[in-house]
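Step one of this worksheet: look at the structure below.
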Amino acid sequence: MTVSIETTREALIADRPLPSTRPEGHPLLSVEGLSVSYGDASVVHDVGFTLERGQSLALIGESGSGKSTVAKSILRLLPTGESTVSGSVNLDGRELFGLPERQFRPLRGRLLGYIPQDPSSALNPVRTIGSQAHEAAALAGESDARVRRRDILSVFERVGLPDPERVYASYPHQLSGGMLQRVLIGLTVLPRPALIVADEPTSALDVTIQKLILDLLSELRRDLGISLLLITHDLAVAAERAESIVVLKNGIVEESGSSSQVFSTPTSAYARQLHADVPALNPDRYRSQRGAASGTTPPAALPAVEVHAATKRFRAGDVDVTALDGVSFTVARGTTHALVGESGSGKTTAVRLLLGLEQPDAGRIEVAGTQVHGQTSAGLRGLRRHLQLVYQNPFTSLDPTWRVGRIVREPLDRFKVGERAGRARLVEQTIEEVGLPASVLSRRPGQLSGGQRQRVAIARALIVRPDVLVLDEPTSALDVSVQAGILELLSRLQREQGLSYLLVSHDLALVRQLADTVTVLQRGKLVESGTVDQIFARPAHPYTRALLEAIPRTSPGLAQS
Amino acid sequence: MSRSYGRYALLRAAQAVVVILLAYIGTFLVISVLPGDPITNMLRDPQNGLTDDEIQQIVAHYGLDKPVVIQLILSLGRFVTGDLGFSLQSNLPVSQLLGDALPSTLTLAGTALLLSVAIAVVIAYGVQYLPSRWARGVLRSVPSLFLSVPNFVVGLILIEIFAFRLHAFTTIDPDSAAATLFAALTLAIPVSAPLAEVLIANLDHESRQEYALVARSRGLSQARLFARHLVKPSMLPAVAMIALIVGELLGGAVITETIFGRDGLGTVVQKAVTSQDVPVLQAVVSLAAVVFVTVNLLADLASPLLDPRLDAKSERDAKSERKVVVPV
Amino acid sequence: MTSLTGLVAPTERIRAAGRSAVRVPPTVAIAAVVIIIVLLWSLVPWLFTSYDPSVGDTAEKLMAPSGAHWFGTDHLGRDVFARVVHGTASSVTSALVAVSIGLVVGSIIGLASGFLRGAVDVVLGRVVDVLLAIPSFLLAVVIVSSLGFQTINAAIATGVSAIAIFARLMRAEVLRARGSVFVEASYLQGGNRLHALLGHILPNTYKSVIALAVLQFGTSILVIASLAFLGYGDPPPASDWGLLVASGKSYATAPWLIYAPALVIVITVLSVNRISTWLRRTQ
């Protein structure tokens, strides 16, 4: 506020990094009374925090918490005309909200960098990476294109990109998500900003890549002395990567303080609940309940699912791609078996084979002793009564034009279970079982939240009383507190109804909470299998170890509380 | 890229040829199978003063005494070798009639194409970037208005204002530059509306993409963001649209040329319809199909070259082509 | 960026969805009133004008619009407003006929292509390509010239030239719905293909097809008016809107003969388009 325009301009012309216009010791970023609303809806209310120079602060919250809105208002990237912003954001001695756009623009990139959530959409798809990199390099004040090119290539090397020349000449779609995020990080640090705002920088990436990217960010921050404002939904990541934490809920600060304090002695109920809901922090949450269920079943009984040497190839232009290569696993009755792997591991293919949605090229798949393949369509229908699927995304798996009552009743109608009146009663009972009020029966999916929809999807799968439930990443589209509710429900249903689960997931922390046995897949091949305890205590394969390391570490001191 | 692109280009070209031949057959069937026998009626018209022998000769020449299928094959054979036959009305070769009319229509349609693109671009970019919210709103409703005014009303209004009141041009000399410009404007206005809608939607879509936000976070000004990031991706889908517009322009020429008194393909069609001049109608429709299919083929072939994503997509689609088992 | 809906709390979202389903913007309300008036003109024209559309008083010929003659009078002294109102039935009915042909035939083609795929899709796809390859107005002209110059034939021709658009949209919509996760889910819940088609695919496609049908209704009015303007519809004393404009252009001193019917066409089509846009946006 107190800085004159002249000083700002001189600072811009002078050498990088921008000299601070305030004595050291003052916070780099201080946010006070920040409120944002879209029309009548207030999404952020009276948010305030400070970030010291060279430090990092994590802003955590679930969807609807307003964390991204806070980030975008600091960056002044909220859509103009649609949002109303008030309050004060002071960065390096400048009141950002007071600056006209013409004076704020030169600060963008040079003082204040931005790393977006989804790297695959963060670069212009029809221009090469090199041509876009020059825009970032120009911020560093270099006018000679050859020097800029050299700077770009060296920063690409710095962020661990193999073959920087090739990356420079590529279009965005030709690189993987992890490589693109490295490009974006490189371009953001190239002008040496004082502060980087990273909005969920890893949530669109595979778990093993997530860890590498977070490591890279930490390292650059340390080496270059850049402050970091990290936006994340993951309490464990926040505790591991930031010195201080601000917890947001519905646009209001619930709690803030140093990481260790918020993490180990949370004062607000919400922070305590978040802590309890993060799978990585509570490996044994459902264990005592599950022990009873799996203990009652004699191990010698016929397995619920048996997959033997299943192989599936897809034709890709002129070459065959083996999506699944001789994979075997079994799901014992009344237990949970997890298929773990990242994208391209073949876990989805395995599920589609099991449900008879695709034909295997080799191998044998049996459900309760019955072959899935080579069935007549009547036989397959009969089989599916005992084998139901809960999809990953409850936003696409429910017909938006149907009401919930009809959605849940659909399997009864199709399989012709019971008579009409009985079906209605069964629908009400099942909806109650999954923890939803009867009033949702007359709603359409569009009127429900993600967690409610997933409960509807579970009710639809359960209503025909199947023996096996295939859970395809059942919570990956949901917030952590909603996820905890769904996991609780699944755990209870298994106990009460003796269900067998095949859980497909990329998240080993979640698997540890829910599963009894695990199969780890990588590029279509089985790399390791065993009980949860074995895999977590003594992982044999390097890939399993990489997956385990991707679970955010909680320092011993913190984990005890 | 080159190999799969070559295969793609060949396939698309072959499809285009098939569509043109089918369009010819379809037109032939519509004209000759539907009720009424325009040719013999017209030949027997006493005004033509043809003797029975002459009629027989003409009928035999065109194979009109043979079954429809044979007629079709004969006609198709002549079409493929470039023989469009003779006009029943004027006895001139159809190719000569079309050749005389073509330059005028090409000038008109070409000018109209440029005008419609210009109008659409001005509207779309104005809607996105005009400083006044009110002006943006007004401009936003223009395509809808353009889409609701019949072509002939546009023409009559332009003539009323610019020819009769302001004397900017005269309808007596329809081929003058000024008259051509206003005729082209008549043709361009309704056609520019869907193009403007597509551009508005694309520009809006692109400016809401994450990459636009990231580019802004690096301090790009609105003007540079627009010029360096948004123009190309927002124009790419419009290329296919421009190809579709060419067809609309050929159809609209019938009315525009009538109103402005120009001699072109449109007036040839009008005369052919009134006098049931079958060979001429058949030839004009086939010509329009050839033009339309060719322009679309070019647009399809150009798209993967302009947009790096499409090339990758066609390859990826080929790779992930799964044999979907019907899950019943 | 995170979409706006993602930032709003779930309860907010529920309310917003409920509200937008019933709220009608004022421009849409006005458009609806216009459409209702036009429909009434075509059903009970005599309620709106006391003049006879085909009988005029030559003493009152070519009179400018006034309180007595809202749209003025023509060269035979006939009331232009009465002619417009009485011409509505023919203009509206023929547009309805055209849309029905396009909608029914196009939807069946698109549905068969998208749902059955395979050889059916290939064959029907070429048929649609051919229909698209001939500029629609030219196609309509050729068909009407083959069937004969009558308004009903102009309507049929307009309808046939619109088949391709409906077929393409329907096919795209069916393919989209067919590939959606909830359709696969219905197979897993014991549903068969017929059930998927009737229960899930059609209910998820009809809205955009209806929006197109409304839009096409406006376009059909324009195309049929254009055909009437060229003289390919019923001859005078019929008073189709396009024909009224065509006969009006001979009287340069009486511009209302052109502008009055033209204005009616523009306002009608504008209203229809507004409603179509609204239907598309509120899906």
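Numbers restart at 1 for each chain; the letters A, B, ... are given by sequence-line order, proteins then strands.
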Does anything in residues 124-135 of chain C pair up under side chain to side chain donor-acceptor pair (under 3.5 Å), and if so which pairs, sequence neighbours excluded?
-> R126(C)-D129(C)

Going from [atom1] on [X] to [atom2] on [Y], what distance comes out if it is rounded to the nearest 0.5 angstrom?
X: Y187(C); Y: R381(A); atom1: OH; atom2: CZ; answer: 13.0 Å
X: F182(C); Y: T401(A); atom1: CZ; atom2: OG1; answer: 6.5 Å
X: L389(A); Y: L188(C); atom1: CG; atom2: CG; answer: 6.0 Å
X: Q189(C); Y: R414(A); atom1: CD; atom2: CZ; answer: 10.5 Å
X: D399(A); Y: S186(C); atom1: CG; atom2: OG; answer: 9.0 Å

Any idea which of L383(A), D413(A), L398(A) has the most non-hydrogen atom pairs under 4.5 angstrom with chain C?
-> L398(A)

Most heavy-atom pairs under 4.5 Å with chain C, out of P116(A), P400(A), A461(A), belong to P400(A)

Flag side-chain contact, heavy atom, 4.5 Å: T396(A) against S180(C) = no

With the side chain counted from C-beta on, respond yes when V181(C) and Y391(A) share a heavy-atom pair under 4.5 Å apart, and no when they do not.
-> yes

Does a sphere of radius 6.0 Å around [atom1] in [X] hold more than 12 heavy atoms from other residues, nucleotides or ligands, not counting ones at 6.0 Å or beyond?
X: R168(C); atom1: CZ; result: no
X: H373(A); atom1: NE2; result: yes
X: Y206(C); atom1: OH; result: no

Chain A contact via H200(C) - side chain, backbone, both or neither, heavy atoms under 4.5 Å | both

Distance-minimising heavy-atom pair for A185(C) and S397(A) | CB-O, 4.2 Å

Salt bridge (charged side-chain N to carboxylate O under 4.0 Å, His left out) partners of R455(A), counting only residues at least two apart | none

